[in-house]
2 protein chains.
Amino acid sequence: MAITIKDVAKMAGVSISTVSRVLNNSKPVSEDIRERVEQVIKETGYVPNPVARSLVMRKSRIIGVIVPNISNGRIGEYLSGIEEVGRMYQYDLFLCNSYGELKEEMKYVELLRSKQVAGMVFLSWKLQEKVVDLIKESKIPTVFVSKNTEEFEDIHSVGVDHFHAAYDMTNHLIGLGHKKIAFLRTSIEDDIQDSTVFKGYAKAHSDNGLDISMNYVLQGDASSDSGYHLAKQLIEMREGRPTAIFASSDEAAAGALGAAIDTGLKVPDDISIAGYANTAITSLIRPALTTIHQPLYDIGAVSMRSLIKNIEGAQDVPETIRLAYSIVERSTTRALREDEK
Amino acid sequence: MAITIKDVAKMAGVSISTVSRVLNNSKPVSEDIRERVEQVIKETGYVPNPVARSLVMRKSRIIGVIVPNISNGRIGEYLSGIEEVGRMYQYDLFLCNSYGELKEEMKYVELLRSKQVAGMVFLSWKLQEKVVDLIKESKIPTVFVSKNTEEFEDIHSVGVDHFHAAYDMTNHLIGLGHKKIAFLRTSIEDDIQDSTVFKGYAKAHSDNGLDISMNYVLQGDASSDSGYHLAKQLIEMREGRPTAIFASSDEAAAGALGAAIDTGLKVPDDISIAGYANTAITSLIRPALTTIHQPLYDIGAVSMRSLIKNIEGAQDVPETIRLAYSIVERSTTRALREDEK
DNA sequence: ATGAAAGCGCTAACAT
DNA sequence: ATGTTAGCGCTTTCAT
């Protein structure tokens, strides 16, 4: 059996309340007694039992983290940031993999609530109203990271302005002379018009007096496989083959690049490709991928810090934190010559 | 306040022990009472408080998972497997990122012990004796995943036979006619002779009557950056440039490939490259990377399953589980012509 | 400033 | 078969 507060009390010749007081600095304790207790703690290596603590305090130093896919590179980078600041503030992480499924998300929120977590970081490909409501009702301080956080009111969220990010990239492509820009969607919406990223893509077109053709807007998921197959479809178009592909995930963009190379196309000579998020693979593949840099690690870190501030300050002002993104032009995009436009 | 066992007992008109019994099926309860209690539970949506449970049982349904780097692709795949079977058996994951540092690893083991986790999955780039000893002493059921598990006795481990995997790949390369095979090491050992993977590389040479040149054995880490710079060194060699590079991580191999492409070399025409682990990037990059397939997801899943079996069976027979690996020949390697040998 | 005692929500030994 | 009770290890009134 591990040593308990009782043992420490006995050894120091004081009551357990006193030990608790020196442990938590909750009430004044005379100097000599404090020293005696601390001495015993050091000697015995006593560590308070966090389980007992949580029970009585109805609160733990555990942050529940719900993610849609642990093995995804982007999630990994968020997680690094989350973990880092969690550790800094002595919070522990309780990991839940929702597979992006609403049912799982709901289940995990309930689970975390029963675990008495101090707070939650909720990452999702696409936020659903039902979970948001459940979380609000649970009163557990939560920060959200998702592409569609702006659809909800009164929630804490950290991220990038996805609408403008997509807008800027599309605009950039148009500025390069591209008019036939395909868009690879990576999340399933009931209605495409709901997609924040798509809205940015569409707005950039209309602002430039360009129509978008739904033949160029393909639906898949964020995987490289999906990008590969979608791009293949695009490349095989008899006429009107797009001159650029904008994928809303780096993986899908990498897949598209693979498809281009496999079908003998040169990138960016024959087709331009742009990704989304600036994950590690973008600078690893050749040609290196043009993408939108998003400070994933920072988003993770900031969301965690903001969450902890919220927990400890017991404040509850919904905050929307937007971090800067930037277009990173690498080697998969180029300007069209006049005759190509 | 959430509803407790007391409330349920009162509402069902029974004692809390009875409720506890139907909850845990620990003792016979008459059919009608059981039904009444279950009815109340359903109506109220009561969920037992796992914290209180852990306190009295001195055990939780939490598995601590210590990993060296969450954002690493390989770790992500292990984690998926771990998470999946954990979920299947209703165990929750407590995540710790050690950054591969012994100090952190030790700290986390202590932390997890105080959290009364039911068991641990310990992933490490390189297992150190100190932490193994600490874990053994803690008596917490633990399964290890690391390249050097065979250096330790009486530990549970799941993985691949890294010695033979490296041996086979080197042998394969030699069979292709390569005699000048560079080796990119990815983990820092005090003594290179300690490295299991290096041993495989060396043995394949000696078995084929080949000497290894330490000029070809470069030391870096598992990152693509490291692979990039190391490969660049190799490529710039005035004479005796290696005809093949065997990197002990896919990322490093991908970096090496980038270096080759950037310096105008054709792969595999001018140089062959092989990686290690068959992570997602290997089939994403072009040319697709020859590597050693390791069932990462399965290793995660099997280690978790084996751990749970251990926890629940209360057995403690150290087991060494070796899963099959295989050489995956893709497009970064080729056979040398007679005149090139 | 210190100690005694209640109680957090639950399980399990003991009693009936 | 069911209820009573004693903790699990800790924090926090409430006395002193």
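Letters A, B, ... mirror the listed sequences (proteins, then strands); counts begin at 1.
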Could you state the atom-to-atom distance from [atom1] of [X] to [atom2] of [N] in whole Å?
{"X": "A:N49", "N": "D:dG9", "atom1": "CG", "atom2": "C1'", "result": "6 Å"}
{"X": "B:I33", "N": "D:dA1", "atom1": "CD1", "atom2": "P", "result": "11 Å"}
{"X": "A:Q116", "N": "D:dT11", "atom1": "CD", "atom2": "C1'", "result": "14 Å"}
{"X": "B:R34", "N": "D:dA1", "atom1": "CZ", "atom2": "P", "result": "11 Å"}
{"X": "A:R61", "N": "D:dT11", "atom1": "CZ", "atom2": "P", "result": "13 Å"}
{"X": "B:E35", "N": "D:dT2", "atom1": "CD", "atom2": "P", "result": "12 Å"}
{"X": "A:K59", "N": "D:dT12", "atom1": "NZ", "atom2": "P", "result": "12 Å"}
{"X": "A:I3", "N": "D:dC10", "atom1": "CD1", "atom2": "P", "result": "10 Å"}

[X] side chain vs [Y] backbone, donor-acceptor pair below 3.5 Å:
{"X": "B:N148", "Y": "B:K126", "answer": "no"}
{"X": "A:S146", "Y": "A:S124", "answer": "yes"}
{"X": "A:S157", "Y": "A:V145", "answer": "no"}

N/O (side chain, A:R58) to phosphate O (OP1/OP2, C:dG9) under 4.0 Å:
yes
Of B:G13 and A:K6, whose closest DNA chain D nucleotide lies nearer the 5' terminus?
B:G13
For the OG atom of A:S71 and the CD atom of B:E83, what is their distance to the nearest 0.5 Å?
10.0 Å
Say you draw a straight line from CD of A:E137 to NZ of A:K139; how long is it, rounded to the nearest 0.5 Å?
8.5 Å
Which nucleotide wins on minimum distance to the side chain of A:L55, given the candidates C:dG9, D:dC10, D:dT2?
C:dG9
Return the residues of residues 14-32 of chain A meeting this criterion: a heavy atom under 4.0 Å from some atom of DNA chain C. Order them by number, or give none.
A:V14, A:S15, A:S17, A:T18, A:R21, A:P28, A:V29, A:S30
Would you call A:D92 and B:K115 a salt bridge, using N to O less than 4.0 angstrom?
yes
Salt bridge present between A:R113 and A:E110 (N-O < 4.0 angstrom):
yes
